[in-house]
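When a residue number appears, it is its place in the shown sequence, counting from 1.
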Amino acid sequence: MKKIGLLLILLFFSSCVSQKNKTIQQNILTLKDSYCKAPLQYNYSQKVPSYNSDSIINANQKLKQYFSDQSILILNALESIDEAEKIIELKKDSTLKSQLRVVQLKTKINSKISIALTELDAVAAEFDCEGERVAQMANYVDNINSNRNNRLILFSIITGAVTSVAGGVIKDNGVENAVNIGGGLLGAGLGLATFNPKGKKVEFIHERNLLRDIWEQKLQSKNFPPFIWYMYTEKKFTGNRQHSIIENMKQRWIQYQFDSDENAANRSVNFGNGGLYRSSDLHNRASMLNQMQSATRTINQNINYLLLDLDKVISLE
């Protein structure tokens, strides 16, 4: 009777776990390929600026009195240097015609800035969406691993219980010892199996891989607008001005995501088209996507400084 009860408990838990695993597998199929990519492929007419920043600043000494070096570089990237110079010149003339022209030029610059801000929002939103997609998949893999461990623990408990019952029923000492030893070894094996550090793998696809260009420090696709990529790669837009945003990001990834092992990072599934992911790989990917989302949003600070500089020029008497 005790054996039958234990078997019924085992069947009940196995049924619940199987149904949950079936639901998990169905959800994984919806997460496997990205739903975050833009529905249309952008065709950017503007090329990524590849100027020498010091040369740009030195060539625009007239602007340095009114604009910071970073603002001058952004104006150059937006192809608005001429408008800014014209505004400064027109501010010397107080006629209505000149002031109207100033407003028109400022509107033209603001229009370009608005497009840049929209591009920033779009890229940050895709990083955010991808991060959420990866986090959901990581949770599913964690659940799979947790369910597996729960089953092993349950089987281990049942094995111990059955062994105890069998030991009490069997009168032959030799058979009883064999059952006890076998049950103990099986229980120990099941217990050790719960300590599998790698866990299950799931397929995860990302042919449009936002992290690949960042890692390789090359814009090899149309994942990013030219202006955003310029902001990522120009060293003067970072605090120390020695390394660009994505150079600093790569070094942090090597140190924190890959334990200072660049070779392991280069072999990582995170920077290809996708493949089999473990839970740790997915959590690493989610972290890197979230970091890039934050880094992208910090570019707003640089554009805000430009707008403040521009307003000061407009306010000149």
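By the criterion of side-chain heavy atoms lying less than 4.5 angstrom apart, applied directly or through intervening Ile, Leu, Val, Met, Phe, Trp or Tyr residues, L276 is not grouped with F271; the two fall into different hydrophobic clusters. I254 and I246 fall within the same hydrophobic cluster, where Ile, Leu, Val, Met, Phe, Trp and Tyr residues are linked whenever their side-chain heavy atoms come under 4.5 Å apart, directly or through other members. If you chain together hydrophobic residues whose side chains sit under 4.5 Å apart, I88 and V102 fall into the same group. L310 and V103 are assigned to two separate hydrophobic clusters, defined by single-linkage of ILVMFWY side chains at heavy-atom distances under 4.5 Å. Residues Y305 and I314 do not share a hydrophobic cluster, clusters being chains of Ile/Leu/Val/Met/Phe/Trp/Tyr side chains in contact below 4.5 Å.
Side chains of M249 and Q291 form a contact here, defined as non-hydrogen atoms less than 4.5 Å apart. You'll find the side chain of E130 stays beyond 4.5 Å of the side chain of R208, heavy atoms only. Residues L100 and K97 fail the side-chain proximity criterion, which asks for heavy atoms closer than 4.5 Å. Looking only at side-chain heavy atoms (C-beta outward), Q99 and T95 stay at 4.5 Å or farther from each other. For the pair R267 and F258, the minimum side-chain heavy-atom distance is 4.5 Å or more. Side-chain contact between L78 and I115 is absent, with no heavy atoms from C-beta onward closer than 4.5 Å. Using a 4.5 Å heavy-atom cutoff, the side chains of K312 and S315 are not in contact. Using a 4.5 Å heavy-atom threshold, the side chains of F204 and V269 count as separate.
Counted within 6.0 Å of NZ on K62, heavy atoms from surrounding residues, nucleotides or ligands total 12 or fewer; the atom is thus considered open.
Considering CD of E89 and CG of L105, their distance stands at 10.5 Å, rounded to 0.5 Å. A distance of 9.5 Å separates CD in Q251 from OG in S260, rounded to the nearest 0.5 Å. Distance check: H206 NE2 to Y277 OH gives 2.5 Å after rounding to the nearest 0.5 Å. For the atom pair S68 OG and D309 CG, the distance stands at 5.0 Å (nearest 0.5 Å). Distance check: T298 OG1 to M231 CE gives 8.5 Å after rounding to the nearest 0.5 Å. Here the CD1 atom belonging to I113 is positioned 8.0 Å from the NZ atom belonging to K106, to the nearest 0.5 angstrom.
Residues I74 and I303 share a closest heavy-atom pair of CD1-N, 4.2 Å. What you find for S279 and A138 is that their closest heavy atoms are OG-O, 4.4 Å. Minimum interatomic distance between L210 and F224 (heavy atoms only, all atoms of both residues): O-CZ, 3.5 Å. Counting all heavy atoms, side chain and backbone alike, I109 lies closest to A84 at CD1-N, 4.1 Å. Scanning all heavy atoms of the two residues, the minimum distance from S244 to K235 falls at N-CG, 3.7 Å.
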Applying side-chain contact (heavy atoms from CB on, under 4.5 Å) to L289 and Q293, what does each step give before you reach the verdict?
CA-CA 6 Å; L289 287 165; Q293 180 194 359; over 6 Å; no

Evaluate K201 against D281 for salt bridge (charged side-chain N to carboxylate O under 4.0 Å, His left out), listing each step before the verdict.
CA-CA 10 Å; K201 295 180 182 179; D281 298 319; over 6 Å; no

Stepwise side-chain contact (heavy atoms from CB on, under 4.5 Å) test for Q220 and E216
CA-CA 9 Å; Q220 299 178 345; E216 296 178 355; 2.9 Å; yes

Go through E234 and L73 one step at a time and tell me if the side-chain contact (heavy atoms from CB on, under 4.5 Å) criterion holds.
CA-CA 9 Å; E234 174 51 60; L73 292 175; 4.3 Å; yes

Start with the C-alpha gap between L63 and I57, add the side-chain angles, then the distance that decides, and say whether side-chain contact (heavy atoms from CB on, under 4.5 Å) holds.
CA-CA 9 Å; L63 297 180; I57 294 168; over 6 Å; no

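Between the side chains of W215 and N266, at least one donor-acceptor pair of N or O atoms lies under 3.5 Å. Donor-acceptor pairing under 3.5 Å is recorded for the side chains of Y232 and T296. Using modelled atom types and a 3.5 Å distance limit, the side chains of S111 and S114 yield no donor-acceptor pair. Checked by atom type, the side-chain pair N209/R285 shows a donor-acceptor distance below 3.5 Å. Side-chain N/O atoms of Q70 and N302 include a donor and acceptor closer than 3.5 Å. Residues N273 and R212 bring a donor and an acceptor atom of their side chains to less than 3.5 Å of each other. S287 and Q257 are linked by a side-chain donor-acceptor pair at a separation below 3.5 angstrom, with hydrogens and angles left out of the test.
A donor-acceptor pair is defined here as one N or O able to donate and one able to accept, closer than 3.5 Å; such a pair exists between the side chain of N60 and the backbone of I56. Of the possible polar contacts, one joining the T233 side chain to the W229 backbone as a donor-acceptor pair under 3.5 Å is found. The closest donor-acceptor contact from the side chain of N290 to the backbone of A286 lies under 3.5 Å. In terms of modelled atom types and a separation under 3.5 Å, the side chain of D93 and the main chain of S98 share no donor-acceptor contact. Looking at T238, its side chain does come within 3.5 Å of a backbone N or O of H243 through a donor-acceptor pair.
Note: Y230 and F237 have perpendicular aromatic rings, judged against thresholds of 30 and 60 degrees for the angle between ring planes.
A salt bridge links E83 with K112: the closest approach of a Lys/Arg side-chain nitrogen to an acidic carboxylate oxygen falls below 4.0 angstrom. Taking the charged nitrogens against the carboxylate oxygens, D54 and K236 do have a contact shorter than 4.0 Å, which makes a salt bridge.
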